[in-house]
Every structure is written in structure tokens, then in C-alpha cells.
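Structure record follows, encoded as C-alpha cells.
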Number of protein chains: 2
Amino acid sequence: MTIKEFAKLLNISAATVSKAMNDSHEISAITKKRVLDLAEELNFQPNPNASSLRRNKNKTIAIVIPEIANNFFSKAIDGIEMIAQQKGYHSLIYLTHESSTKELGIIKHLMNGRVDGILASASLETKDFTHYNDLLDKNIPLVLFDRVCEEVQTAKITTDDFHAGYIATKHLIDTGCKKIGFLAFSDVAYACRKRKEGYLEALSEYKIEVDESLIINCSNDMISNFTLINNLLKKRKKVDGLFSSAENLAILSYQICSELAINIPKDLKIVTFSNMPMASYLNPSLSTITQPAFEMGKEAASLLFLAIEKPRNNYKDVFTEMKSNLFIRNSTKRIFK
Amino acid sequence: MTIKEFAKLLNISAATVSKAMNDSHEISAITKKRVLDLAEELNFQPNPNASSLRRNKNKTIAIVIPEIANNFFSKAIDGIEMIAQQKGYHSLIYLTHESSTKELGIIKHLMNGRVDGILASASLETKDFTHYNDLLDKNIPLVLFDRVCEEVQTAKITTDDFHAGYIATKHLIDTGCKKIGFLAFSDVAYACRKRKEGYLEALSEYKIEVDESLIINCSNDMISNFTLINNLLKKRKKVDGLFSSAENLAILSYQICSELAINIPKDLKIVTFSNMPMASYLNPSLSTITQPAFEMGKEAASLLFLAIEKPRNNYKDVFTEMKSNLFIRNSTKRIFK
DNA sequence: ACTAATTTCTTAATCGTTTTCGTAAAAAAT
DNA sequence: ATTTTTTACGAAAACGATTAAGAAATTAGT
């Protein structure tokens with residue numbers, strides 16, 4: 001049903017219906033009620049494409065993320081979608097599967113005005129960020145979250161990665177670790193670099209010399225990650241603590257420890273960034289740095305809507321570091337020998 | 001940039017550009033190449049709203065699911081999005097948070113033609129399914145997956161819930177359980193009813209009398225679920241095996257066992273439906289029935305696109321039961337006393 | 001060489017809204 | 001009572017693509 005047909009039912013013009021549904025002051029309360037009541041009754045909704053075309057607004061945002069089968073991102077989406085639904089917006093979702101080619105394709109595609117704004121988390125592979133800057137040149141609001149990058153001058157939501165890295169490493173030192181390895185999920189990602197800096201800061205504070213062979217630069221390839229971590233852990237005496245910057249690397253480490261019969265936490269203590277709800281029930285229970293994924297999603301979305309609805313607002317300067325939490329569990333339990 | 005402005009750059013008409021970009025046979029190869037090359041260079045894309053309005057097609061589908069911070073649904077979305085991206089479609093995501101009111105609102109909203117088709121998984125609360133039938137009346141393709149319902153005559157993708165329930169229960173019996181409880185995540189959901197029927201079938205086959213007090217009808221309220229399961233497990237001698245129809249109920253059971261100092265698997269064996277990647281690393285490792293979530297998503301999406309692109313196809317008759325797998329781990333380990 | 005058929009492009013109508021502008025009617029001001 | 005202002009609505013022109021129908025240019029057929 002078109003707005004014209006609908007209008008005919010009430011013997012008024014399409015213009016009046018449109019204005020009534022948009023709560024224009026030009027329309028009397030009486031007429032508004034007649035329109036709204038019938039619209040409710042017949043579930044009449046103006047064609048969104050025609051509306052978007054005319055208004056040049058689609059009430060739609062895009063969420064571009066590396067992966068979804070991931071406790072952090074799925075919770076973040078939960079937060080984003082909640083705010084979007086509150087605001088009456090629709091959320092398109094795009095997965096890059098950590099491929100910069102896919103990311104580039106998706107972002108370039110989104111320049112056609114299909115969405116009013118974009119929430120993105122860069123893929124691991126991505127080293128060139130010009131596509132994000134192109135978005136900004138086209139005045140499409142963009143908020144980066146978690147996987148942010150310095151090259152793009154726009155709003156960013158992250159966690160206190162440096163501090164968390166420091167705290168995690170300090171915790172390992174406090175439980176008696178002397179040779180602490182660091183598993184980097186990326187050697188370029190801003191968040192990972194910050195986590196590493198926190199790690200280095202803690203080592204420095206406790207006068208522990210940095211051993212580069214204990215710093216493992218992992219990638220998106222789980223096979224090669226396996227090899228890397230396996231090689232590290234095989235020379236067991238060289239490492240007694242592991243700070244992992246990503247959940248999946250910790251899982252991999254659990255697997256490798258199980259295969260190599262390395263006892264956690266006796267032989268090796270592990271603390272990791274993770275949003276896993278089951279961390280308490282692992283064998284042994286896993287000490288984690290947990291990011292406020294849901295809140296980050298909400299925060300990022302709120303900021304995006306601010307940018308969309310108040311174009312004068314200089315949202316681009318926002319840089320929010322949200323607080324993550326250290327949950328101490330048995331994987332970093334101090335063992336007195 | 002509009003198609004007119006773009007056309008002017010090549011000294012041809014907008015119509016020609018449109019046809020060239022849609023690979024019409026009316027346009028010469030030479031012109032097509034000129035158009036496509038410039039479009040590539042300038043990243044020109046026709047306004048999607050104008051296009052959708054004219055064509056009455058949006059190249060967009062909706063995914064309506066109860067929750068996303070959930071291993072099954074996030075993997076299913078992964079599969080759906082992959083197929084959608086291959087087909088050049090966009091995926092809108094809507095979360096109902098298990099609320100039938102929200103579900104109803106979302107589905108009613110989607111009747112305005114914003115999407116070409118819908119993939120849905122009903123919320124637990126939903127008992128009235130007329131909104132889905134309304135969609136079908138409006139000729140909007142609909143594929144239900146996992147949380148399907150008999151009341152709606154459309155395509156459905158599920159798992160072999162009856163068989164899986166039977167196998168899981170049989171496995172508990174084989175490992176020595178005599179008093180097996182069943183944790184139902186819903187008393188109405190089709191999938192859960194089937195799982196229960198499989199459970200009952202196995203009991204019957206082994207001549208184990210059904211004890212209704214061991215069948216716990218859980219809900220979406222985790223607080224009351226806690227009470228229900230806690231009450232069941234406190235009278236410990238009454239139950240020595242637990243078949244859980246949903247992951248979160250198993251997690252809750254682990255928690256309760258830990259609090260009540262019930263040893264798994266010695267005092268109680270547990271097997272559950274779950275897509276948790278960490279099942280092997282739990283304490284004890286958790287025996288699971290695992291659904292092919294990713295493949296289910298792909299299958300559901302493929303079917304939806306078939307319905308969208310071949311309107312004559314009677315996709316509505318499709319009812320696919322995909323095979324789930326039983327992974328036997330330590331939570332159901334036989335203990336010889 | 002002339003007509004018919006085919007190829008390739010253009011013009012113009014159309015999709016269903018929103019919004020500007022204009023105009024009655026009603027209310028307020030004189 | 002007349003003018004001015006305000007209120008409430010309608011007519012028509014956008015928005016930017018697609019496509020049916022028509023026209024020019026080319027090729028084929030006789």
C-alpha cells in the first residue's frame with residue numbers, strides 16, 4: 001500500500017499523511033490521530049526506499065568487524081544493536097574475516113550512501129587505512145572500536161590496553177614468574193602494541209631483562225601460531241609465565257600445554273585477554289583481562305548516533321579508553337614449592 | 001555523484017550508463033568497458049535507494065535471532081553472512097533478546113519491504129506465530145532455522161533433535177546412569193520438544209521408568225533456572241545423569257555442582273547441546289552434542305536466496321534436518337567403583 | 001540500390017515518498 | 001466589519017535511479 005492509497009482511505013492528501021506521520025506542526029491533532037490510528041490498524045509504513053531517497057537518510061548503520069564467532073565482538077554487537085534499536089536505526093553487519101581486501105571492498109561499497117554511519121574494527125591484515133579516510137572525506141560518520149588505528153583521525157573507543165598489559169604482567173611477576181612470554185596477536189595493531197608496552201613497562205619496573213625470544217608475534221594463521229607457541233613452550237625451562245593478548249592464543253596455549261604435558265599453573269602460568277564466559281570452569285580456571293565488550297559497543301554506537309544526528313558536533317576528537325578488569329583464577333595461582 | 005553527472009563525463013545518457021552497469025545486451029562492448037572502467041576509477045555506484053525504489057528489490061535480507069552472545073547463533077550468522085556476501089546481498093541484524101514483543105515489533109516492521117527476505121529463529125517467549133504467517137501472506141520469503149515452529153508453513157532448517165536427544169540419553173545410560181534428568185530450555189519450542197522425545201525414547205528402550213520430577217522446564221530467566229536446577233541437584237541421590245538441551249543450562253549446572261561439591265562425572269554425568277569451542281578444556285571436559293551451526297547458517301541463507309531469486313520455486317516445503325555430533329568427553333566418563 | 005532487420009543509444013515516464021509553496025478557512029487584531 | 005495573522009491542508013516538484021518505447025545508425029537481405 002502506498003501513501004496515496006492510504007491517504008484516500010481518509011480522504012486527505014498524501015502530503016498530509018506524510019506530515020502527520022512525521023509529527024509535523026502543520027497538522028492538527030485531530031488529523032494526526034486519525035492518520036496514526038489507521039496506520040497502526042493497517043500496519044501502514046511508508047516505503048523506506050522512497051523515504052530514504054527523498055530524505056537522503058536511511059536510518060541504517062553498518063558494523064564492519066573481523067569476525068563474529070568471538071566473545072568480544074558478539075557482545076559488542078549486542079551493545080551496538082541495543083542502542084540502534086532504541087534509536088530506531090537498522091544495523092547492517094559485514095565480516096572481513098581478517099582480510100584487508102574484504103575490508104577495503106566493504107568500506108568502498110559503503111561509500112554509496114547506503115548507510116548513515118559506520119562502526120568498524122580493523123582487520124589484522126590491514127596496514128593501509130586510506131579507505132577509512134576516504135569515508136571521512138565523504139562526510140560519512142565513522143567510529144572505530146577495539147581495533148583502532150592512529151592513521152585515521154576519527155572517534156575511537158578502546159580499552160586501557162597499556163594499563164591492562166602492565167597489570168597482567170605485574171600479576172604474573174607477583175605470582176613468581178621470572179621469564180614471561182608475550183603472545184602478540186599482531187605486530188601492528190594499536191591495541192596489541194599498547195598491551196605490549198604495558199608488558200614491557202612492568203618488566204622494566206621489576207628490572208626484568210627483556211628477552212626478545214619470549215615475544216611471539218602471532219598472526220591470523222592458527223597453524224603457524226601453533227608452531228610458534230609450540231616452539232616457545234617446548235624449551236620449557238625458558239618460560240614460566242605467559243601473557244596472551246588474545247583469547248584464541250590462550251586457547252591454543254592450553255591445547256599445547258595439554259599435549260606437552262605442561263602443568264598450568266605449576267610449570268607455566270597464563271593470563272589472557274578474554275571475554276569467555278566459561279573462563280571459571282576451564283581446567284585450570286583461566287585468569288583473564290576482560291574488556292567491557294557490551295559497554296564498548298553501546299558507547300561506540302551512542303557516539304556514532306551523536307555524530308549522525310548532530311553533524312556540527314566534533315565527535316572525531318573523542319578517544320575513549322574503557323576500563324578492563326583482571327580476574328585472577330587458577331591459571332596464575334602461586335605455587336609454593 | 002549521480003548517474004546523470006557520471007554519464008555526462010562520458011558524453012552518453014544516464015540510461016546507457018544504467019544499462020551498461022547492469023550488463024544489458026543493448027549496450028555495445030566498447031561502451032560497457034568505458035562505463036565500467038570509469039566507474040571503477042571513480043568508485044561510482046548508483047544510489048541504492050533510487051535503485052531499490054525503482055526495482056522494488058533491496059538486495060538486503062534480515063536476520064532475526066534471540067541473541068548473539070551465543071556460540072550457536074554467532075556461528076550461524078557467520079555462515080549466513082558468508083553466503084549473503086557471495087550473493088552481493090546485505091544483512092540486517094535484529095536481536096529479540098528472547099522477547100516475543102520485540103520479535104513481533106521487528107517482524108511487523110519488516111513488512112514494509114525494507115528487505116527481500118528474512119531468516120528467523122523464534123524467541124523462547126513466542127507462542128503466537130501469526131506475524132510469521134503475515135509475512136508469508138505478503139509474499140516475503142521466510143526461512144526459519146533452529147528455533148522453528150510447526151505453526152508456520154515455510155522452509156525450516158533444524159538439526160536431528162530427536163535423534164540427538166536419543167543418542168545423548170543412550171550415551172548416559174551406557175555409561176551407567178540410572179536416573180537421568182532432562183533440562184528443557186523451553187516447554188514449547190519445537191527443537192526442545194524433539195530433544196525430549198529422543199530422551200524419552202531412549203529411556204523407554206532401556207525400560208527406565210520416566211520420573212517427571214527429573215524433567216526440568218527451564219525458561220529464559222537464569223535466576224529461576226538456578227533455583228530449579230539447584231533443587232534438583234540437592235537431592236543428589238535422585239539423579240546421576242543430566243541431559244541438557246542448551247549450553248547455558250549446562251554452564252549453570254557446572255556452577256551449581258561446583259557449589260554443591262558434586263563431582264562430575266563421579267556423582268553426576270552431564271551431556272549437553274553446545275557449540276562451545278572450549279568444551280575440551282573445561283574441568284572436567286564437557287561431553288556435547290554439537291550442531292553444525294555454520295553450515296546451518298549457510299544452508300538457511302542459500303535456501304532463502306533460492307526463494308528470493310526463483311519466486312516460482314516452492315521452497316516452503318523444505319524441511320532440512322542437519323546432522324549434529326556427539327563428542328564424548330570426561331563429563332560422561334564411566335567410573336568403575 | 002533499396003528495404004528489412006538488427007544494433008545501439010536516447011527520451012521520457014515511473015517508482016513512492018518528502019517538502020516547498022500556495023491557498024483557503026479560522027482566529028486574532030484593528 | 002475589515003484587515004492581518006495563524007492554522008491546516010493540498011498541488012506539484014523534487015530525490016536518482018530503471019525501463020519501455022522510440023529513433024538513429026548500422027548491417028543484412030533481396
Side-chain angles (χ1 to χ4, degrees), chain A residues 1-36 38-39 42-60 88 90 109-116 138-140, chain B residues 1-36 38-39 42-60 88 90 109-116 138-140:
Chain A
M1 152 136 39
T2 73
I3 203 170
K4 272 195 173 171
E5 293 161 9
F6 179 82
K8 195 159 284 170
L9 297 178
L10 292 168
N11 275 320
I12 57 179
S13 75
T16 306
V17 172
S18 175
K19 288 174 188 167
M21 298 199 70
N22 291 298
D23 200 26
S24 158
H25 66 93
E26 290 184 26
I27 304 300
S28 72
I30 291 265
T31 316
K32 269 183 196 167
K33 185 163 162 36
R34 288 214 310 144
V35 170
L36 265 35
L38 190 65
L42 306 181
N43 191 29
F44 166 74
Q45 302 172 66
N47 181 304
N49 291 316
S51 174
S52 296
L53 171 61
R54 186 55 228 255
R55 285 211 223 253
N56 205 27
K57 282 274 160 200
N58 340 41
K59 284 267 175 185
T60 303
H90 303 261
H109 185 97
L110 290 176
M111 300 201 188
N112 66 2
R114 181 178 289 272
V115 295
D116 299 333
K138 294 214 168 202
N139 274 316
I140 300 177
Chain B
M1 151 134 43
T2 74
I3 203 170
K4 271 195 173 172
E5 293 162 9
F6 180 82
K8 193 158 286 169
L9 298 178
L10 291 169
N11 276 320
I12 55 179
S13 76
T16 305
V17 172
S18 175
K19 288 175 187 165
M21 297 200 71
N22 291 296
D23 200 25
S24 158
H25 68 94
E26 289 182 29
I27 305 300
S28 71
I30 292 264
T31 315
K32 268 184 197 168
K33 185 163 163 35
R34 290 214 308 143
V35 170
L36 264 37
L38 190 65
L42 305 182
N43 190 28
F44 167 72
Q45 302 172 66
N47 181 305
N49 291 315
S51 174
S52 295
L53 172 60
R54 186 55 229 255
R55 286 211 223 251
N56 205 26
K57 281 276 160 200
N58 339 43
K59 285 265 173 188
T60 303
H90 303 260
H109 184 97
L110 290 175
M111 301 202 187
N112 65 2
R114 181 178 290 274
V115 295
D116 299 334
K138 292 214 168 203
N139 273 315
I140 300 177

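The structure presented is a predicted model; accordingly, all values stated were derived computationally and were not measured. Residue numbering restarts at 1 for every chain, and letters A, B, ... go by the order of the sequence lines.
Remark: B:Thr16 pairs with B:Ser13 by the side-chain hydrogen bond (donor to acceptor under 3.5 Å, both in side chains) rule, at least two apart or across chains. Residues that satisfy the side-chain hydrogen bond (donor to acceptor under 3.5 Å, both in side chains) test with B:Ser28, not counting sequence neighbours, are B:Thr31. For A:Lys33, the side-chain hydrogen bond (donor to acceptor under 3.5 Å, both in side chains) test picks out A:Asp37, with sequence neighbours left out. With sequence neighbours excluded, the residues that form a side-chain contact (heavy atoms from CB on, under 4.5 Å) with B:Leu42 are B:Met1, B:Phe6, B:Leu9, B:Leu38. Partners of B:Arg114 by side-chain hydrogen bond (donor to acceptor under 3.5 Å, both in side chains), not counting sequence neighbours, listed by chain and number: A:His90. Under the side-chain contact (heavy atoms from CB on, under 4.5 Å) criterion, A:Asn58 pairs with A:Ser52, A:Thr60, A:Asp116, B:Asn49, not counting sequence neighbours.
When every heavy atom of B:Pro48 is checked against every heavy atom of A:Gly113, the shortest pair comes out as CG-C, 4.5 Å.
Across all strands shown, B:Ser52 has no heavy atoms under 4.0 Å from either base or sugar-phosphate atoms. The residue B:Ser24 sits apart from the nucleic acid: no heavy atom pair falls under 4.0 Å. Residue contacts shown for A:Leu53 include a base, since a base heavy atom lies under 4.0 Å away.
Between the CG atom of B:Asn47 and the CD atom of B:Gln45 there is a distance of 10.5 Å, given to the nearest 0.5 Å. Taken to the nearest 0.5 Å, the CG atom of B:Asn22 stands 7.0 Å off from the OG atom of B:Ser51. The CZ atom of A:Phe44 lies 11.5 Å from the CG atom of A:Leu36; values are rounded to the nearest 0.5 Å. For the atom pair CZ (A:Arg34) and CG (A:Asn11), the distance works out to 7.5 Å, reported to the nearest 0.5 Å.
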Checklist outcome for this item: Its dot-bracket string being built from Watson-Crick and G-U pairs below 3.5 Å, with | for another strand and [ ] for crossing, DNA chain C has the pattern ||||||||||||||||||||||||||||||
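In the region residues 109-116 of chain B, proximity to DNA chain D at under 4.0 angstrom, judged on heavy atoms, holds for none of the residues.
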Listed pairs, N/O of protein and of nucleotides 17-23 of chain D, under 3.5 Å:
unit_1	atom_1	unit_2	atom_2	d
D:dA17	OP1	B:Asn47	N	2.8
D:dA17	OP2	B:Ile3	N	2.2
D:dT18	OP1	B:Arg55	NH2	3.3
D:dT18	OP2	B:Ser18	OG	2.3
D:dT18	O5'	B:Ser18	OG	3.3
D:dT18	O2	B:Arg54	NH1	2.3

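Protein chain B contacts DNA chain C over a range whose 5' and 3' limits, counting nucleotides with an atom under 4.0 angstrom from a non-hydrogen atom, are C:dT8 to C:dG16.
Protein atom CD of B:Glu5 is 13 Å distant from nucleotide atom C1' of D:dC15, rounded to whole Å. Distance CG (A:Asn58) to P (D:dG16): 13 Å, rounded to an integer number of Å. Per the geometry, CG belonging to A:Asn11 stands 17 Å off C1' belonging to D:dA11, to the nearest Å.
Among residues at least two apart or in separate chains, salt bridge (Lys or Arg N to Asp or Glu O under 4.0 Å) pairs with a member in residues 14-29 of chain B are B:Lys19-B:Glu26, B:Asp23-B:Lys32. Residue pairs that meet the salt bridge (Lys or Arg N to Asp or Glu O under 4.0 Å) test with at least one member in residues 46-57 of chain A, sequence neighbours left out, do not exist here.
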